[in-house]
There are 2 protein chains.
Amino acid sequence: MDTDRQTPPSALAVEPHCAAPRRGRPRSEAAEQAIFAAIERLMMEGAGLGDLTIEGIAQAAGVGKATIYRRWPNKEALLVDAVVRLETPEPELSGSSARQDLIETLEYMRRRGLDKRSRWVLMVIFHQLHSLPELKSVYYDRVIQRRRQVIRDVARRGVASGEFRADLDLDLLAEMLVGAMLVRTVLWDDSPLDDPALPVTMVDALLSGLGGPAHAAAR
Amino acid sequence: MDTDRQTPPSALAVEPHCAAPRRGRPRSEAAEQAIFAAIERLMMEGAGLGDLTIEGIAQAAGVGKATIYRRWPNKEALLVDAVVRLETPEPELSGSSARQDLIETLEYMRRRGLDKRSRWVLMVIFHQLHSLPELKSVYYDRVIQRRRQVIRDVARRGVASGEFRADLDLDLLAEMLVGAMLVRTVLWDDSPLDDPALPVTMVDALLSGLGGPAHAAAR
DNA sequence: TCGATACGAGACAGACCCGTATCGAATAAA
DNA sequence: TTTATTCGATACGGGTCTGTCTCGTATCGA
């Protein structure tokens, strides 16, 4: 029998100290790589989260289903690991100014939207998150909340330095910038991300304001 | 047999001039209402689009499956009609000023986000759109593109009147406002829509700008 | 009245998928 | 060599859903 505890390969699940080098044949590292590579390949071929089946993944990876279920307790755990694994590292913010940091954050989002793999993750996350509550909560805690916090911190520094208005609503700033970028990435297929000046345009629009002379006069 | 052409009740499908009042028993209007009502009820009970099954809908409506398939050729066509049917009418814009029109548009979105039925539609659309390509394209053409156009038109008038900057990027304005609202509605559960001043805050933030004295000095 | 159609109910086939179990072969430690 | 574990492959049970079809009944035009 091999129906004992799983030893999941990566982030989420238990992975309890495999300190005891067990006796039998060791798990194949290549199998794991093949599984992740197969998921990635299926994704690139246009599959959604719902189209990914354990059987399909196993076949694409040239792997038996048991090899998957020996590592993950169920489909959702596998997909959580697969998605988390695709996350790219956060950008290092230069800190030269709050405006510059916001621009760099948006530039990071823009590049993610241009990268096919990252784009797929975003699309999947936003379009099918509901069906996998575990994946949803993990992604929220690990990615979304963290990035919101980054923007909030930047905004706080900007307020302290006088770059931003003293009465700035931190969440509002984050929402307008992130929202605009997400709309382009996830929602509207015809709003391109190609323009490298996009982050600068967005941040400066929000900082300088879009009101014209009539609006300034009316204040 | 009654496997002839369907006569779908509402928007999407063919509905070809039922000019010939056919001979047998007429279709029950009550059945259609019951079907739509059942979908709505299931939605309110928390079901996602993927949880809606023809069998479940039929049972909840007290209707036979054949009664559904007599009207719609498949599940997707039914759901398209059901979602389109839930769309609330566009708001009448007062036109007193471009700023006011933007505020009214956002206020409409805010109210939609607070209404449970509309919120469900939005969540479903954004989280599960991929799996129903027909629904996706219908919703894009009927709703999303139209609303984008409304904001673009308002922005154009604002530029003409001098309320907005002459070099305004119309799409950028729409994206930042709509994106911010959508983020609150669909994405972040903890950003409430309760504040009635939200639309004013957002529009004025974007028009007046969020930059502080240091930013103004640096320009 | 009679034929045609719709009704609710449900059986049915076909497909799909998950998660488990089993197979012989392979690969490690003891 | 022996024992334990993994490997890929595949069969299996159990479940779900779609879409078609068949009941007996109800309601219409002719």
Side-chain angles (χ1 to χ4, degrees), chain A residues 1-9 13 18-35 37-39 42 47-80 128 131-132 134, chain B residues 1-9 13 18-35 37-39 42 47-80 128 131-132 134:
Chain A
M1 322 243 179
D2 52 27
T3 324
D4 45 341
R5 66 183 58 180
Q6 279 103 4
T7 309
C18 56
R22 285 174 306 178
R23 287 223 328 185
R25 174 175 176 173
R27 295 211 176 146
S28 159
E29 175 69 21
E32 266 152 47
Q33 300 303 325
I35 292 168
I39 293 178
L42 292 172
L49 255 194
D51 304 323
L52 291 183
T53 67
I54 296 287
E55 277 162 343
I57 294 168
Q59 187 158 24
V63 148
K65 280 171 68 176
T67 302
I68 293 180
Y69 280 106
R70 211 171 282 119
R71 288 166 168 75
W72 292 273
N74 52 49
K75 181 180 170 182
E76 183 164 6
L78 167 60
L79 293 182
V80 169
Q128 307 172 325
S131 54
L132 299 166
E134 182 64 26
Chain B
M1 321 241 184
D2 53 29
T3 323
D4 46 339
R5 67 182 57 180
Q6 278 105 4
T7 309
C18 58
R22 285 174 305 177
R23 288 222 327 188
R25 174 177 175 176
R27 295 212 177 146
S28 160
E29 175 69 21
E32 265 151 50
Q33 300 303 326
I35 291 168
I39 292 178
L42 292 173
L49 206 36
D51 303 323
L52 291 182
T53 68
I54 297 286
E55 276 164 343
I57 294 168
Q59 187 158 24
V63 149
K65 281 169 67 176
T67 302
I68 292 180
Y69 280 106
R70 211 172 280 120
R71 288 165 167 77
W72 293 273
N74 52 49
K75 182 180 168 182
E76 181 164 7
L78 167 61
L79 293 183
V80 168
Q128 307 173 324
S131 54
L132 299 167
E134 182 66 24

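Letters A, B, ... mirror the listed sequences (proteins, then strands); counts begin at 1. As the structure is a computational prediction, the values presented were derived from the model and not from experiment. The figures here come from the full heavy-atom set of this structure, side chains too, leaving out hydrogens, waters and symmetry mates.
- The side chain of B:K75 approaches D:dG19 more closely than any other nucleotide in the set C:dC7, D:dC21, D:dG19.
- Side-chain atoms of B:S28 lie closest to C:dC7 of the nucleotides C:dC18, D:dT6, C:dC7.
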Exercise for the section: Assess whether side chain to side chain contact (heavy atoms under 4.5 Å, CB included) is satisfied between B:L52 and B:L78, documenting all intermediate values. Expected result: CA-CA 11 Å; B:L52 291 182; B:L78 167 61; over 6 Å; no

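- Rounded to an integer number of Å, the gap from A:L52 CG to C:dC18 C1' is 14 Å.
- Atom CD1 of A:I54 is separated from atom P of D:dT10 by 18 Å (rounded to the nearest Å).
- Between A:R71 and the phosphate of D:dC7, there is a side-chain N or O to OP1/OP2 separation shorter than 4.0 Å.
- Under 4.0 angstrom from either OP1 or OP2 of D:dT5 there lies no side-chain N or O belonging to A:R27.
- Nucleic acid contact for B:A58: none, since no nucleic acid atom lies under 4.0 Å from a heavy atom of the residue.
- Side-chain N or O atoms of A:R27 include one that pairs as donor or acceptor with a backbone N or O of A:R70 at under 3.5 Å.
- Nucleotide D:dC12 forms a Watson-Crick or G-U wobble pair with C:dG19, both donor-acceptor distances falling under 3.5 Å.
- The distance from atom CG of B:L79 to atom P of D:dC17 is 14 Å, rounded to the nearest whole Å.
- Of the listed nucleotides (C:dC17, D:dA26, D:dT18), D:dT18 has the atom at the smallest distance from the side chain of B:Y69.
- Taking side-chain N and O atoms only, B:R23 has no distance below 4.0 Å to OP1 or OP2 of D:dA30.
- Here C:dA6 presents its P atom at 15 Å from CD of B:E29, a figure rounded to the nearest Å.
- Candidate nucleotides D:dC17, C:dA28, D:dC7 were compared by shortest atom distance to the side chain of B:E55, and D:dC17 ranks first.
- Under 3.5 Å, the side chain of A:R25 and the base of D:dT5 form no donor-acceptor pair of N or O atoms.
- One can place CD of A:E76 at 18 Å from P of C:dC17, the figure rounded to the nearest angstrom.
- Between B:D51 and A:G24, the residue anchored nearer the 5' end of DNA chain D, judged by the nucleotide with its closest heavy atom, is A:G24.
- B:R70 has its CZ atom 16 Å from the P atom of C:dA4, to the nearest Å.
- Taking a pair to require two hydrogen-bonding distances under 3.5 Å in either a Watson-Crick or a G-U wobble arrangement, D:dC17 pairs with C:dG14.
- For the residue pair B:I57 and B:A38, the shortest heavy atom distance occurs at O-CB, 4.0 Å.
- Here the side chain of B:E134 pairs no donor or acceptor atom with the backbone of B:V80 at under 3.5 angstrom.
- Of all the heavy atoms in A:R71 and A:A31, the pair that sits closest is NH2-CB, 4.0 Å.
- A:K65 has its NZ atom 17 Å from the P atom of C:dC23, to the nearest Å.
- The interatomic distance linking B:I68 (CD1) with D:dG19 (P) rounds to 11 Å, in whole Å.
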